[in-house]
Amino acid sequence: MANIKETVVKKDCPLDRGALRYIVPAVIMAIGAGFLIYGIFDGEINAVFSKAIALCRECVGIG
Amino acid sequence: METKANSKPKKTIMQVRKAVERKRLLIQAAFSILTNSYIVGFLKGTIYTGSLKQICVPGMNCYSCPGALGACPIGALQAVFNQGKYEKGWFDAKSSTFVAPPMYYFAFYVVGFLMLVGALCGRLVCGFLCPFGLIQDLIYKIPVPKKMKIRTFPGDKPLRYLKYFFLVVFVIILPLFYEANPFFCKYICPSGMLIGGIPLMTFGSLFGNIGQGTGTGITSWAEAGNLTILKLAIMTFLLVLSIFIYRPFCKYVCPLGAIYSFFNRISLYRYSVDEAKCTHCGACKHACRMGVDITKTPNSLECIRCGDCKAACPQHAICAGFGKKKANGANANADKVA
Ligand code: SF4
Ligand code: SF4
Ligand code: SF4
């Protein structure tokens, strides 16, 4: 087997290929951000907050 | 010459693997401490009630932990599904209960958060940012004879689907349509028991219960019942199992890991194997404690992006990252460490 330094192929990582690799997560993140903002203004965030600040009896096993 | 070339990379790779593991542990610990740094909670046996609690944290971090600064996304999802439209409710004479239809059929805020995090990095959260993942990692370090560390067993693969069952039934269907109860938190989740229930109940028992003015614990072991026993049993079973099997909760139970797993294939952070360099030696598969063969499925649902395979590859054939990167970039350190 050759020395590891010589085995390094000077080539871009196959991760790089294709614009879709960036477009798909970007679109999902944009939709996610939209949902998140909608949830904040719709008041859903209050449901999360009120549950998170009162001790959740089910979580701790007494509910 | 040949021998020298063979022995050097071997030593190097072990060192790199150790360094990668140490670095990951440090990041896990730092993030877990950061998101659970409400020290007053630990000192007074209470929980944080400030405005940061509206924000979800990426990992399985119970909001009933005295130190928790944020909200657990799985708890939050169930809390939203549990919200009822009381003004449109009715009294059910049969069960003598008031029934309110769900207010939210879709949890925009929590799902939006999970989409954002998932599309950004998928299960990288599991590898680096989840406190319950860290706890299992630490327990797995408990030394037992090598033979007792179980890499796989008959039924391992089908059992991995169990987490999707918990997600669909316990986190979505039951809390949304059956009754206003966070079913996964109540009947399964060991995280709530371990970092919420045990510290709070113990504090309450030692220094006093809820009574105003005592300023101490908000619950105590006096309140323990059958549910406590069930949850303690599940927690103990999973924690003991973690000594022998790497991350059993993540592999078989966690609904949050199940959600992030769907993003592994499309997230910005991705793994990939350079076929031109890979000699199919199997070092990466051997290094993976989640049972993934990265050369076959670089973006497997089970991959927690821990980086062990990447550090173990003698050919530097595995690359990971958010974007453009030379394949030999990160692993170039392998040569420097030696
Ligand atoms: S599978 Fe669940 S518990 Fe495990 S690391 Fe991922 S989010 Fe945390
Ligand atoms: S360790 Fe590297 S060379 Fe060996 S099989 Fe895995 S990717 Fe291929
Ligand atoms: S495939 Fe690699 S990164 Fe994924 S879990 Fe296994 S060792 Fe970790």
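In what follows, chains are A, B, ... by sequence order, proteins preceding strands, each numbered from 1.
Contacts with chain B were tallied for A:Ile31, A:Ile45, A:Val24; A:Ile45 has the most, counting heavy-atom pairs under 4.5 Å. Counting heavy-atom pairs closer than 4.5 Å to chain A, the top residue among B:Ala107, B:Gly75, B:Cys62 is B:Ala107. Residue with the most contacts toward chain A among B:Ser267, B:Ser191, B:Cys185: B:Cys185 (heavy-atom pairs, distance under 4.5 Å). Between chain A and the residues B:Ser51, B:Ala224, B:Cys56, B:Cys65, the most heavy-atom pairs under 4.5 angstrom are made by B:Ser51. The candidate with the highest count of non-hydrogen atom pairs below 4.5 Å against chain A, out of B:Ala76, B:Ser64, B:Ala79, is B:Ser64. In terms of heavy-atom pairs under 4.5 Å with chain A, the best-connected choice from B:Cys189, B:Gly225, B:Pro182 is B:Pro182. In terms of heavy-atom pairs under 4.5 Å with chain B, the best-connected choice from A:Ala30, A:Ala52, A:Gly39 is A:Ala52. Taking chain A as the reference chain and counting heavy-atom pairs below 4.5 Å, the highest number among B:Val117, B:Val110, B:Val111 is found for B:Val110.
Atom NZ of B:Lys231 sits about 9.0 Å away from atom CD of A:Glu58, to the nearest 0.5 Å. Interatomic distance, A:Leu36 CG to B:Ile55 CD1, rounded to the nearest 0.5 Å: 9.5 Å. Rounded to the nearest 0.5 Å, atoms CD1 (A:Ile28) and CZ (B:Phe262) are 12.5 Å apart. The structure places OG of A:Ser50 at 12.0 Å from NZ of B:Lys53, a figure rounded to the nearest 0.5 Å. We find the SG-CE distance between A:Cys59 and B:Met193 to be 11.0 Å, quoted to the nearest 0.5 Å. Interatomic distance, B:Glu223 CD to A:Arg57 CZ, rounded to the nearest 0.5 Å: 4.5 Å.
The ring of A:Phe35 has its center closer than 6.0 angstrom to the ring center of B:Phe106.
Neither the backbone nor the side chain of B:Ala68 comes within less than 4.5 Å of any heavy atom of chain A. Residue contact with chain A, scored on non-hydrogen atoms closer than 4.5 Å, is absent for B:Met235. Proximity to chain A (any heavy atom under 4.5 Å) is restricted, for B:Asn181, to the side chain, taken from C-beta onward. For a residue to count as touching a neighbouring chain, one of its non-hydrogen atoms must lie under 4.5 Å from one of that chain's; by this rule A:Ala54 touches chain B with the backbone only. In this structure, chain A has heavy atoms under 4.5 Å from both the backbone and the side chain of B:Ile266.
With a 4.5 Å cut-off on side-chain heavy atoms, B:Arg270 and A:Arg21 count as touching. The closest side-chain heavy-atom distance from B:Ile47 to A:Ile53 is not below 4.5 Å.
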Check the pair B:Leu200, A:Leu55 against side-chain contact (heavy atoms from CB on, under 4.5 Å), reporting the backbone distance first and the verdict last. CA-CA 10 Å; B:Leu200 287 177; A:Leu55 176 77; 3.2 Å; yes
Apply side-chain contact (heavy atoms from CB on, under 4.5 Å) to the pair B:Tyr104 and A:Asp42, showing each step before the final yes or no. CA-CA 10 Å; B:Tyr104 299 102; A:Asp42 191 41; 3.4 Å; yes
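Between A:Val60 and B:Gly196, the shortest heavy-atom contact is CG1-C, 3.7 Å. Looking at every heavy atom in both residues, B:Ala71 comes nearest to A:Val48 through CB-CG1, 3.9 Å. Closest non-hydrogen pair, A:Phe49 versus B:Gln54, comes out as CD1-CG, 3.3 Å.
Side chain of A:Lys51 to main chain of B:Gln78: no donor-acceptor pair is present (N/O by atom type, distance under 3.5 Å, no hydrogens or angles).
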